[in-house]
Amino acid sequence: MLELQRIREQKDDIIERLKIRNLDVSEQINKVIDLDELRRKTQRELDDTLAESNKLSKEIGMLFKQGKQEEANQIKSKTADLKERSKQLKEEEAKIQEQIKEILYQIPNVPHPSVPKGNTDEDNEVVLTAGEIPDLGEYNLPHWELAKKYNLIDFELGVKITGAGFPVYTGKGARLQRALINFFIDEAEKAGFQEVIPPLLVNEASGYGTGQLPDKEGQMYHCTVDNLYLIPTAEVPITNIYRDVIVSENELPIKKTGYTPCFRREAGSYGKDVRGLNRLHQFDKVEIVQIAHPSQSYELLDKMVEHVKSLLDKLELPYRVLRLCGGDLGFTSALTFDLEVFSVAQERWLEVSSVSNFETFQANRLKLRYRGKGNKPQLAHTLNGSALALPRIVAALLENNQTKDGIKIPDALVEYTGFSIIK
RNA sequence: GGAUAGUUGGCAGAGUGGUCGAAUGCGCCAGUCUUGAAAACUGGUUUACCGAGAGGUAACGGGGGUUCGAAUCCCUCACUAUCCGCCA
């Protein structure tokens, strides 16, 4: 959610920059500014009314104490009007406040100046391409066939137990999952992120805090009996640790990492996008989260991208880094880098990580602030990134490393898997 | 699931109708003392909104009500703790 004060001060700039998202918000912005003015006017009137009423109440109290019943009763009659008036004003103000919030919920974050123009993922800017794309020759099976051939993942069994998009990992397939999780967590810790194991279900307030609610309600699994949501990413519980918190400036940046399964309903997906491991309802992911001082958040964003790149380097996977264009940028993000690995057998790029700076957009809803010495609390910046999401990494590892002898495990991973080849 | 007790400032914890944004302690910040530190002492220390400022308003889990006046009384919802039941 954008800050009202910023809208008031930088109205034109905001409207201009949101055009990068192919959005014209001038109408909404103007409406908000008008409503805000009305709200302030209403509040002033309300405050004055209440001040008057408070004053009279005090007088009545004094008079009663002095036994001057009659005088007290006289003043009492005066308060009725004030009471009625303040009730009205209160209702009015609440109504206006509600309208303002409704509009603010609909306005996405202001893109960073470096965000390129564009409508779809085809307009994303390729920042960097790295690694070698292997020539597999005749050994060129997609991962879902490899998974079957080597008994690593059983998709049908998952369908039986739960439904499509809930695979069962078996034997070395399961071991590979665990190896990757440990590898990613260890690497994150080396990079200074503290590990946390958060709850996998969150309440409504947390959903609102990071912006999954109200707009993405349909994407989360909802346990209606207890009104809890299965997390779509560890970002939700980990960032919400800092909901309604004022941290001291010298604690920044705060760096957390966590492994969790992620649950997504993925309503509306179909076709080749959901084949095999490409899109699941439940998948594993290691997430990195930072709470940062505004002055250093972009520097830290770059470092997070570097961290994810280092993981892909160590896994010896060919990848590229994209700077998302305005049309592809997430609602809450100011700047996002996607990292994609190349799947040789599928001949396509697979998104494995998304690293974003939300600036104050999340912090505003979360009421996450920092305080410098002697200063008023200021909104912090939040950042997060996948480091990494497992399924597509597994897909690429299986496909790109297949040989006539089996699937080779990259060196960096062998100490975690305990085997160097899957036969 | 049943019963009971709770929810107050960064934390602990007092306050049961007016002078309470709220005692006290701890913590934190500044100062005095000290070669330095600790201790001791002194002072300061919630947040949001409105206002150029003086100042004003709101908030004692959320919402509603009674009252001239509510942290305090009533209703309602949420959450937490403890005990019982069930159970990894």
Side-chain angles (χ1 to χ4, degrees), chain A residues 1-9 32-101 103-104 197-209 213-214 222-229 237 240-252 254 261 291 360 363-380:
Chain A
M1 188 162 64
L2 290 178
E3 298 146 84
L4 243 182
Q5 202 189 341
R6 180 171 169 199
I7 291 178
R8 242 188 279 159
E9 287 165 4
V32 164
I33 289 176
D34 287 348
L35 283 170
D36 180 51
E37 211 158 294
L38 186 61
R39 205 215 96 236
R40 278 145 71 198
K41 207 181 116 202
T42 310
Q43 191 192 329
R44 209 173 319 155
E45 210 180 320
L46 174 63
D47 285 356
D48 289 346
T49 310
L50 288 172
E52 177 70 17
S53 162
N54 286 343
K55 207 179 98 198
L56 291 179
S57 287
K58 262 180 200 161
E59 277 176 38
I60 292 169
M62 298 278 267
L63 290 170
F64 269 124
K65 213 159 253 181
Q66 295 164 11
K68 299 178 180 167
Q69 305 268 339
E70 253 172 67
E71 269 180 71
N73 284 327
Q74 245 170 25
I75 299 178
K76 249 196 217 182
S77 61
K78 280 203 273 183
T79 60
D81 281 353
L82 291 172
K83 206 180 162 190
E84 183 56 35
R85 183 80 189 123
S86 64
K87 201 175 162 186
Q88 258 174 31
L89 288 166
K90 239 183 241 175
E91 275 169 24
E92 243 168 81
E93 205 200 347
K95 217 170 83 191
I96 298 167
Q97 191 81 29
E98 196 51 44
Q99 287 172 355
I100 291 174
K101 215 167 84 181
I103 299 175
L104 286 181
I197 301 182
L200 305 181
L201 283 98
V202 294
N203 57 28
E204 223 173 17
S206 294
Y208 276 98
L213 296 174
H222 187 190
C223 306
T224 51
V225 181
D226 297 295
N227 197 24
L228 296 172
Y229 294 85
N240 269 284
I241 294 173
Y242 294 95
R243 171 155 47 87
D244 294 319
V245 167
I246 302 174
V247 298
S248 88
E249 192 172 23
N250 54 31
E251 288 173 58
L252 300 175
I254 294 166
I291 317 287
T360 57
N364 191 28
R365 271 204 219 180
L366 286 163
K367 296 204 194 77
L368 161 53
R369 291 167 292 176
Y370 69 90
R371 190 202 323 256
K373 228 179 166 185
N375 289 325
K376 289 197 85 180
Q378 303 277 326
L379 290 174

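Just so it is clear, the model here is predicted, and its values are computed rather than measured. We name chains A, B, ... by the order of the sequence lines, and we start the count at 1 in each one.
Between A:R44 and B:G51 there is a side-chain N or O to OP1 or OP2 distance below 4.0 Å. Taking only side-chain nitrogens and oxygens, A:N54 comes nearer than 4.0 Å to OP1 or OP2 of B:U57.
Atom P of B:C29 sits at a distance of 11 Å from the matching atom of B:A38, rounded to the whole Å. On the C1' atoms, B:A23 is 27 Å away from B:G62, given to the nearest whole Å. As rounded to the nearest Å, B:C75 and B:G27 have P atoms that lie 41 Å from one another. Taking the C1' atoms as reference points, B:U4 lies 28 Å from B:G17, given to the whole Å. For B:A39 and B:A52, the C1' atoms lie 47 Å apart once the distance is rounded to whole Å. Rounded to whole Å, the C1' atom of B:G56 lies 24 Å from the corresponding atom of B:U67. B:G10 and B:U45: their P atoms are spaced 14 Å apart (whole Å). For the C1' atom pair drawn from B:U34 and B:U46, the interatomic distance equals 34 Å after rounding to whole Å.
One can place NZ of A:K55 at 14 Å from C1' of B:G55, the figure rounded to the nearest angstrom. A:K90 has its NZ atom 13 Å from the C1' atom of B:G63, to the nearest Å. Rounded to whole angstrom, the span from the NZ atom of A:K41 across to the C1' atom of B:C50 amounts to 14 Å. One atom, CG of A:L201, and another, P of B:C79, lie 14 Å apart when rounded to the nearest Å. A:N73 has its CG atom 10 Å from the P atom of B:C68, to the nearest Å. Rounded to whole angstrom, the span from the NZ atom of A:K87 across to the C1' atom of B:U66 amounts to 12 Å. Put simply, CG on A:N203 is 14 Å from C1' on B:G62, counting in whole angstrom units. Put simply, CD on A:E84 is 15 Å from C1' on B:C68, counting in whole angstrom units.
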**Study point:** Dot-bracket pairing map - RNA chain B, Watson-Crick plus G-U, both contacts under 3.5 Å, | cross-strand
**Key:** ((((((((.[[[..)..(.....]]]((((((.......))))))(((((....))))).[[[[[..)....]]]]])))))))....
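A:E45 meets the side chain to side chain donor-acceptor pair (under 3.5 Å) test with A:R85; sequence neighbours excluded. Under the side chain to side chain contact (heavy atoms under 4.5 Å, CB included) criterion, A:D47 pairs with A:Q43, sequence neighbours left out. Residues satisfying the side chain to side chain contact (heavy atoms under 4.5 Å, CB included) criterion with A:T79, sequence neighbours excluded, are A:L56, A:I60. Listed by chain and residue number, nothing satisfies the salt bridge (charged side-chain N to carboxylate O under 4.0 Å, His left out) test with A:E37 (two or more places apart in sequence, or in another chain). Scanning for side chain to side chain contact (heavy atoms under 4.5 Å, CB included) contacts around A:S248 gives A:N250, A:E251, with sequence neighbours left out. Listed by chain and number, the residues in a salt bridge (charged side-chain N to carboxylate O under 4.0 Å, His left out) with A:R40 are A:D36 (sequence neighbours excluded). A search for ring pair (Phe, Tyr, Trp, His ring centres under 6.0 Å) contacts involving A:Y242 returns nothing, not counting sequence neighbours. With sequence neighbours left out, the side chain to side chain contact (heavy atoms under 4.5 Å, CB included) criterion links A:E70 to no other residue.
Listed here is the closest heavy atom pair of A:L213 and A:Y208: O-CD2, 3.5 Å.
Panel note: side chain A:S86, backbone A:L82; a donor-acceptor pair is recorded below 3.5 Å.
Side-chain contact annotation: A:N203 with A:S206, donor-acceptor N/O pair under 3.5 Å present. A:E9 and A:Q5 are linked by a side-chain donor-acceptor pair at a separation below 3.5 angstrom, with hydrogens and angles left out of the test.
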Please list every donor-acceptor pair under 3.5 Å in which a side-chain atom of residues 71-78 of chain A meets a protein atom from a residue at least two apart or in another chain.
unit_1 : atom_1 : unit_2 : atom_2 : d
A:N73  : ND2    : A:Q69  : O      : 3.3
A:S77  : OG     : A:Q74  : O      : 2.6

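Nearest-nucleotide positions on RNA chain B place A:D36 closer to the 5' end than the other of A:D36 and A:T79.
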Grab the N/O contacts between the protein and nucleotides 69-78 of chain B below 3.5 Å, and write none if there aren't any.
unit_1 : atom_1 : unit_2 : atom_2 : d
B:G69  : O4'    : A:S57  : OG     : 3.3

Where do N or O atoms of nucleotides 47-49 of chain B meet protein N or O atoms at under 3.5 Å, pair by pair?
unit_1 : atom_1 : unit_2 : atom_2 : d
B:U47  : OP1    : A:R371 : NH1    : 2.3
B:U47  : OP1    : A:R371 : NH2    : 3.2
B:U47  : O3'    : A:R369 : NH1    : 3.3
B:A48  : OP1    : A:R369 : NH1    : 3.0
B:C49  : O2'    : A:R39  : NH2    : 2.9
B:C49  : O2'    : A:Q43  : OE1    : 2.2
B:C49  : O2'    : A:Q43  : NE2    : 3.1
B:C49  : O2     : A:Q43  : NE2    : 3.2

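Counting any heavy atom pair closer than 4.0 Å across all strands shown, A:L56 reaches no nucleic acid atom.
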